[in-house]
Amino acid sequence: MSDDYCTIDATRPPKADGPPYAECVLCRKPTEYPESYKGITLCPVCEWQEAQRTACSG
């Protein structure tokens, strides 16, 4: 029996050195990521909630 754990691709955008920050795609609050980043950006709260939602159970 092998230990198969979730293999979710957790690539994250680089953190910004300062403003302007990208908006969270869920709540529109500022994130830790640069505004120039093209892709899904989440604020720390939504990022944590999404991680909880998608985490393996059991």
Side-chain angles (χ1 to χ4, degrees):
M1 186 171 181
S2 67
D3 291 328
D4 289 331
Y5 295 99
C6 286
T7 55
I8 295 171
D9 183 14
T11 53
R12 295 169 58 161
K15 295 210 177 197
D17 291 331
Y21 298 109
E23 283 186 342
C24 175
V25 296
L26 298 178
C27 70
R28 298 285 186 217
K29 290 185 179 170
T31 67
E32 300 173 336
Y33 308 114
E35 196 174 61
S36 60
Y37 180 76
K38 303 296 183 212
I40 295 172
T41 53
L42 298 173
C43 71
V45 173
C46 290
E47 198 170 82
W48 182 84
Q49 290 173 340
E50 186 68 11
Q52 293 295 310
R53 191 181 68 75
T54 59
C56 295
S57 59

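Considering SG of Cys43 and CD of Gln49, their distance stands at 7.5 Å, rounded to 0.5 Å. How far CG of Leu26 is from CD of Glu47: 10.5 Å, rounded to the nearest 0.5 Å.
The heavy-atom pair separating Pro34 from Lys15 by the smallest distance is CD-C, 4.1 Å. Here the closest heavy-atom approach between residue Tyr33 and residue Leu42 is recorded as CE1-O, 3.5 Å.
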Got a list of side-chain donor-acceptor pairs under 3.5 Å for residues 16-24, not counting sequence neighbours?
{"unit_1": "Glu23", "atom_1": "OE1", "unit_2": "Arg28", "atom_2": "NH1", "d": "3.4"}

